[in-house]
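Lettering follows sequence order; numbering is per chain, from 1.
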2 protein chains.
Amino acid sequence: MTALSIMLVDDHPIVREGYRRLIERQPGHRVVAEAETAAEAYRLFKSATPDLTVMDLSLPGAGGLEAIRHIRQWDRTARILVFTMHQSAPFALKAFEAGASGYVTKTSPPEELIRAIDTVARGGRALSADIAADLAAERLTRRGGPLDELAPREAEILRMFASGQAAEEIAEALCLSLKTIQNYHSQIKAKLGARTDAHLVWLAIAEGLVLDRREP
Amino acid sequence: MTALSIMLVDDHPIVREGYRRLIERQPGHRVVAEAETAAEAYRLFKSATPDLTVMDLSLPGAGGLEAIRHIRQWDRTARILVFTMHQSAPFALKAFEAGASGYVTKTSPPEELIRAIDTVARGGRALSADIAADLAAERLTRRGGPLDELAPREAEILRMFASGQAAEEIAEALCLSLKTIQNYHSQIKAKLGARTDAHLVWLAIAEGLVLDRREP
DNA sequence: CCGATCCCTGGGAAATCTTCCCGATCGGCC
DNA sequence: GGCCGATCGGGAAGATTTCCCAGGGATCGG
């Protein structure tokens, strides 16, 4: 096999520069494309067809998760390695759900990124040690997020509420009674121990139910 | 004068690597120290006494702003250039208030960082073009951030509310009537056009009134 | 000094929302 | 079948929100 072709997706040119130098220091690794936005990533992927894509989640416009879904929809065999600053297990889970094969945080030592690239290129899965530890702790303690307490419907309504939708809008969107939404709202606050709507928003953010900046 | 000595402060090793290579490509620029946390930055500054410090705002533990204040408290002549992903005029203002001499976003082309480093080293002030445009637009249109609409008291109450405090708690903390807080709350929502408390929290986050993760 | 204006503080009253309790249905599971 | 939890909503008392209003204080131009 010849060189491994790689596409970089990150909205910070200087940061891309750092990745590129680091990656191309490895023999047999070539960066063949660089994209700044989700749309550009999708477009470039189709023309460059890299063996592997290294993608940040925080992108202007549609977020990185959207980009991953689009690319995977176009090529189900695409290997995508998420490389992001978000040191959050919920983000990592979302990335894998969207179709990523790896998740490495930018706080990791450079060797970890290199190792993850090789692993993912070989068809494997890679996960940052810190995130892996988080997930393990979550599984062991059975309550990494208080969200486990919530029924699916409750979590869904919390997500909509925390993202700013009014109770009436949620009711309409879900074809439910306003009263039902209000009841859920009270129940969710009670279950999570939130005394305030604002507190509820922070909990939703902390659990990765809603994303603070644009999206991933 | 001999070489310009520079300290880098950023919690991502790989990102620091990128900066360092970029900076040291300039003749007469030498990176003499690298720090990952605010505490480390303060400690290293005292021993390395760099001519200029390039600092990210998102640091583990105490944030970058805190580091800037500490360093400037120790050396009022310290030249600090903030280099961060936060493309937000309020963040930039906070940085300058804390004692920074420059603010460049990571979305800027590399040359802008180089130019800013030289400007700040020479005793000047530097500001990213995008942030400068934001500030100008804010001044011109009188509402770049919707928060300009708010009276100081309103902003204060919004901050407390958005950070999760209940109306009653705010009233007690400020020695005001609960009714007053409730009235403010309604008025703030009306002024900012927020239909929902959650929406209000997002606005407060977007304007940098409250900080999502740790601090800047 | 005077009026205009804005900020800060709160009362009143009607409308709305929250909370708590309750019943109903439906699908799993023992 | 019986039990349990998830989902969906009504009812009523209590709390909150909203809108309107008002007085005091500060500032500013005339």
Whole angstrom is fine here: how far is it from CG in Asp197(B) over to P in dT17(D)? 7 Å

With respect to the phosphate group of dT18(D), does any side-chain polar atom (N or O) of Lys189(B) fall under 4.0 Å of OP1 or OP2? yes

Take nucleotides 7-13 of chain D nucleotide by nucleotide from the 5' end and write B, S or -, depending on whether a protein heavy atom sits under 4.0 Å from the base, only from the sugar-phosphate, or from neither. SSBBBB-

Excluding sequence neighbours, so at least two apart, what forms side chain to side chain contact (heavy atoms under 4.5 Å, CB included) with Ala35(A)? Val9(A), Glu40(A), Ala41(A), Leu44(A)

Integer-rounded Å distance: dT18(C) P and Gln182(B) CD: 14 Å

Quick one: list whatever passes side chain to side chain contact (heavy atoms under 4.5 Å, CB included) with Ala116(A), sequence neighbours left out. Leu81(A), Val104(A), Ala126(A)

Check side chain to side chain contact (heavy atoms under 4.5 Å, CB included) between Asn183(A) and all other residues, then give those that pass, not counting sequence neighbours. Lys179(A)

Tell me the interatomic distance from Ile188(B), atom CD1, to dC8(C), atom P, rounded to whole angstroms. 10 Å

Sorted by chain and number, sequence neighbours left out, side chain to side chain contact (heavy atoms under 4.5 Å, CB included) with His70(B) holds for Tyr42(B), Glu66(B)

Specify the separation, in whole Å, of atom NE2 of His185(A) and atom C1' of dT18(C). 9 Å

Can you tell whether the side chains of Lys189(A) and Asp197(A) come within less than 4.0 Å, N to carboxylate O? yes

Contacts of type salt bridge (Lys or Arg N to Asp or Glu O under 4.0 Å), residue Glu156(A), not counting sequence neighbours: Arg153(A)

Starting at atom CD of Glu168(B), determine the distance to atom P of dA15(D), rounded to an integer number of angstrom. 10 Å

